[in-house]
Each structure stands twice: as C-alpha cells, then as structure tokens.
Amino acid sequence: MVELDLVVKNGTVVTAADEFVADVGVYDGKVASIASDVSAGPDTQVVEAKGNYVFPGGIDVHVHFQLPFSGTVSADDFENGTKAAACGGVTTVLDFAIQTKGSSIMDAVEARRAEADPKVCIDYGLHAAITDWNAQTQAEIRQVIDYGIPTFKMFMIYKDEGWMADDGMLFSALEETAKLGGHIGVHAESVFVLDMLVERYAQEKEKWGAYAHTLSRPCYTEEEAVIRAIKWAEATGGQLYIVHMSTGEAAEAVHAAKERGVRVFAETCPQYLLLDDEVFKGENGHLYATCPQIKKPHDSERLWQGLFNGDVQIVATDTCTFTTEQKAAWNGDFRKIPFGMPGVETMVPLMYTEGVGKRGLAVNQLVTLTSTNPAKLFGMYPEKGTIAVGSDADLVVFDPKKKVTLRASDLQTNCDWSPFEGWKLVGYPSVTISRGRVVAKDGKFVGDVGHGRFLKRRPFGKL
Ligand code: URP
Ligand code: ZN
Ligand code: ZN
C-alpha cells in the first residue's frame, strides 16, 4: 500500500450533510481515505485535529484582487490576496476578467491569467465580465465556457468605468448562456436614479460627509434592478445570480421569483449581514464605502433569514481592498471614495462566530453556504466543496474554541484597517490545507507562491 502524504487525525469532519469523527488521509493532493483509523507511514505528515472541526476549504466566489478601480488598484494582489484567503480558511477564490470595450472576452481572460497564474497561492478561477455585446461577444460565449469559465458577470452600473451593461445586453447574454449552461451574475443597482441622487447629495456633500453615500443609494435602487434582472431571466429562461445582495427587499424579490420557478440564485456578504449604515457617520465612515452600500439592521435580519430558509444560497465577500491612504482620495467628496473593503480572510471565522455561535446556524449549513453551494453552482463540485474520497484535499482544521480579537495589524491582508476591528471571535481556522499542502497555520501563511492552479470549471452548475 502506498504511503499517504498527510493525515488529518481525530477531527470532526463536517460536510453539507454529515458530521462525524474520522481521520482523513491525503495522497497526491486528493482525499484518499476517510476512516476511523488511517495509518500514517514514517514520512506522512500528521495534522492532529482532536476537538477541532475539519471543513472542506472555504470558497469565495467574489473577490477583486489587484483591480484597477476609482483611479487606483485594489491593494491585495493575487499573491497577497490568496495568502490572506488561506489564512482565513479559504482554499478557492473566483476573481473577474473584465472585457475592455472593443476587445474580446478572451483577451481579458488571458491578461488576467498572466497576472494571476505566477502569483496565486491557492486555486482560483475567473468569471468573465461582459461589457460589450456584439456578434463577436455572442460567438465567444461558447469558447469562454469551453475554456472553463461558465459564469459571466454584468454590471448594471459603472458607466464611467466603461463596464456597464444595459438591459438589452443583459437580456441577450441571459438568452445565449441559457443555451450553453452558463450563468449571468449581476451587480444590480438602478443606474439612472442612482446617478441622479448622487448628484443631488453632492450639492450638500459637506453637510452629509460619507453618510451621503448611503443617502444616495436607497434600498429601492437595488430592489428595482434586481426585479428587472429577474424579469429578463424569467423571459429568457437564463440562469441569474445576484451578487452582493444587500437589501431585504431584494431578498423578497428573489424569494418570490424562486416561487415562480425562475432560475435565480443570490449571494450576500458578511458586511451586509453584520454592519449597518451607522458606520458612515463615524470619523472614518468613508472607509466603509462599498457598492452597494451597507444598509439597515432590518435588511441584515432579512438576509440572515434568507440564509436560514434558502432564499440566499451563498456567502462570499466582494473583497476589494483599499487602504486608508487610498480611501483618503475622497477628501470630503463621497463620489471619490474607492468603493470596496477587505473580507476574504475573515469570512469563515466571522460566519462561524456570528452564524453558528450566535444565531444557531448548523455547522453543516455554514459549510453549505461557504463551500458546497459555491462549488456546485460554479461548476467545481465534487472536486471542491466537500470532503469525499477523490475530492481535492482542500481542508480546514477549525478550532471552535479559539478566541481571536480581530486586528487589521494581525491579518495577512495589505489593508491597514478592518471593518471588523476589535470584534471578538470564538472559533478560528488553525490549519488550512490546499490540495494536500499545509498553506496556513494559526492565521499565518506557510505555503508557496505559485502553488495555486487555474480551475477549469464546468457549465450547468445548479443546486
Ligand atoms: O465596492 C465594490 N464592491 N467594489 C468592487 C466592484 C464591485 O462592484 O463589485
Ligand atoms: Zn459589484
Ligand atoms: Zn464585486
């Protein structure tokens, strides 16, 4: 019998469906055995996990590493961003290749791979963001899916960046991907009303400071755009994925659409579940500006309800890190804040403390939301998203008793502030394993740059 490379001993293995004490044996990057006593050879690395959970690695399907945006570039690049992910128990990330108007989607994909491939420390994939719909784009959809990118993104805002997709483009892309098994993720906000309100509040920007960011993006601007995107999915039969959903109203719209049989799924993020728009009133309120912005406590409550009842199927982070220095570009004008915040490193422990610890979310459900559903919907299951013989050995040994006070200065991210600074967590990853290699221990990265691989994903992802 071959000697195993690694054994995780005596942990409580948690999948979407099960929870049991077992050893997990790893060979050649894959799970080779799950049993009550897996024997380790003289050269086998042993990770003791008694009293700890063993989760499938977290999957964050929404990150923006080294994204050129708002006149700057997000501060966690593919190297540091994937190191931060590993430190927080995430073993797979999906980032975005954003088409440049007038160029092909594949040009954007190849450019993004050239940036990412040499740097990534865990496995990663890309969504293709469509910004230009024409005969060439339409013809390219099949090629992009065949290449291993079955998930597309369309922004219903961001005119100035040249990223915005109008309704005709969204409709056409849903129609095309419906035939080929792809899906369309949307950033859903009502651009025209929103732009008008932004200019209105800009007249009084000294009065409102960063709080104008929230005043100018009322909940109905998300609700309306979500309903509109759902309508196009319903009309075309396309599969729709609402990214970073932030309002209770949008959760209601998704719920109603699902009842009607529309193929719509939704993601929310820890910032929408755990923070509210009072943050914009503080001295450093501008740091929290993200897009869509953080809403009211009743929105958070409805989103939590959605996680429990299945209206919201995935938790991701929309990581788009900007340091205090980068955020200072706002200089009192809320229109100039680079939108985005760090998150991939704290997603799993925050969701454990706040979801499992405080709200009674089952550990299986935590795994479902942060690993299994992302793997299934995004065409990576069962290689990713579960612990089973033959799956990739992406594992997180999670200590449910470990107490950590979050401090930006202790985290791997290049961000010098944290939206959750000083939050007291109970439960934290102690060891993260990516395809059989230990890549992080006690919140510190110990892996290798370039260990990560580009993931070729499959179409027809569903739950
Ligand atoms: O504020 C955010 N979310 N920045 C990144 C771009 C986006 O909209 O996802
Ligand atoms: Zn967005
Ligand atoms: Zn985003």
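When a ligand or atom number is given, it counts from 1 through the structure's own listing order. Residue numbers start at 1 and run along the sequence shown.
Residue Met341 does not touch ligand 1, judged by heavy-atom distances below 4.0 Å. The proximity of Thr290 to ligand 1, defined as any non-hydrogen pair under 4.0 Å, involves the side chain as well as the backbone.
Close approach of ligand 1 to His244 (heavy-atom distance below 4.0 Å) involves ligand atoms 8 (O), 9 (O). Close approach of ligand 1 to His62 is summarised as follows: ligand atoms under 4.0 Å from at least one heavy atom of the residue are 9 (O). Within the listing of ligand 1, atoms 5 (C), 6 (C), 7 (C), 9 (O) sit less than 4.0 angstrom from a heavy atom of His64. Atoms of ligand 1 found under 4.0 Å from any heavy atom of Gly340, numbered from 1 in the order shown, are 1 (O).
Ionic pairing of Glu110 and Arg113 is not present here: no N-O contact between side-chain nitrogen and carboxylate oxygen is shorter than 4.0 angstrom. Ionic pairing of Glu199 and Lys205 is not present here: no N-O contact between side-chain nitrogen and carboxylate oxygen is shorter than 4.0 angstrom. Contact check on Lys296 versus Asp277 returns a salt bridge, with a Lys/Arg side-chain nitrogen under 4.0 Å from an Asp/Glu carboxylate oxygen. The pair Glu224-Arg228 meets the salt-bridge criterion, since a charged nitrogen lies less than 4.0 angstrom from a carboxylate oxygen. The residues Lys258 and Asp311 are annotated as not salt-bridged, no charged nitrogen and carboxylate oxygen being separated by less than 4.0 angstrom.
With the Zn ion (ligand 3) as the vertex, NE2 (His62) and NE2 (His64) define an angle of 100°, rounded to 10°.
Remark: the Thr247 side chain and the Lys295 side chain contain no N/O donor-acceptor pair separated by less than 3.5 Å. With no hydrogens or angles considered, a side-chain donor-acceptor pair links Ser434 and His451 at under 3.5 Å.
For ligand 1, the polar-atom distance check finds an N/O of Asp318 within less than 3.5 Å of one of the ligand's N/O atoms. Considering both main-chain and side-chain atoms, His187 comes within under 3.5 Å of ligand 1 through a nitrogen or oxygen pair.
Asp318 contributes OD1 as its N, O or S atom closest to the Zn ion (ligand 3). Looking only at its N/O/S atoms, His187 has ND1 as the one nearest to the Zn ion (ligand 2).
Separating the CD1 atom in Ile98 from the NE2 atom in His64 is a distance of 7.0 Å, to the nearest 0.5 Å.
The closest heavy-atom contact to atom 7 (C) of ligand 1, among the options Tyr158, Phe322, Phe69, comes from Tyr158.
Note on ring orientation: taking the six-membered ring where Trp is involved, the planes of Phe378 and Tyr241 are perpendicular (angle over 60°, cut-offs 30° and 60°). Taking the six-membered ring where the residue is Trp, Tyr352 and Phe55 present tilted rings, their angle falling between 30° and 60°.
Under 2.8 Å from the Zn ion (ligand 2) lies no N/O/S atom of Cys291, from backbone or side chain alike.
When hydrogens are left out, the protein atom nearest atom 1 (O) of ligand 1 is Cys291 N, 2.9 Å; that is the closest non-hydrogen contact. Nearest protein heavy-atom contact of atom 4 (N) of ligand 1 is Phe339 O, 3.1 Å.
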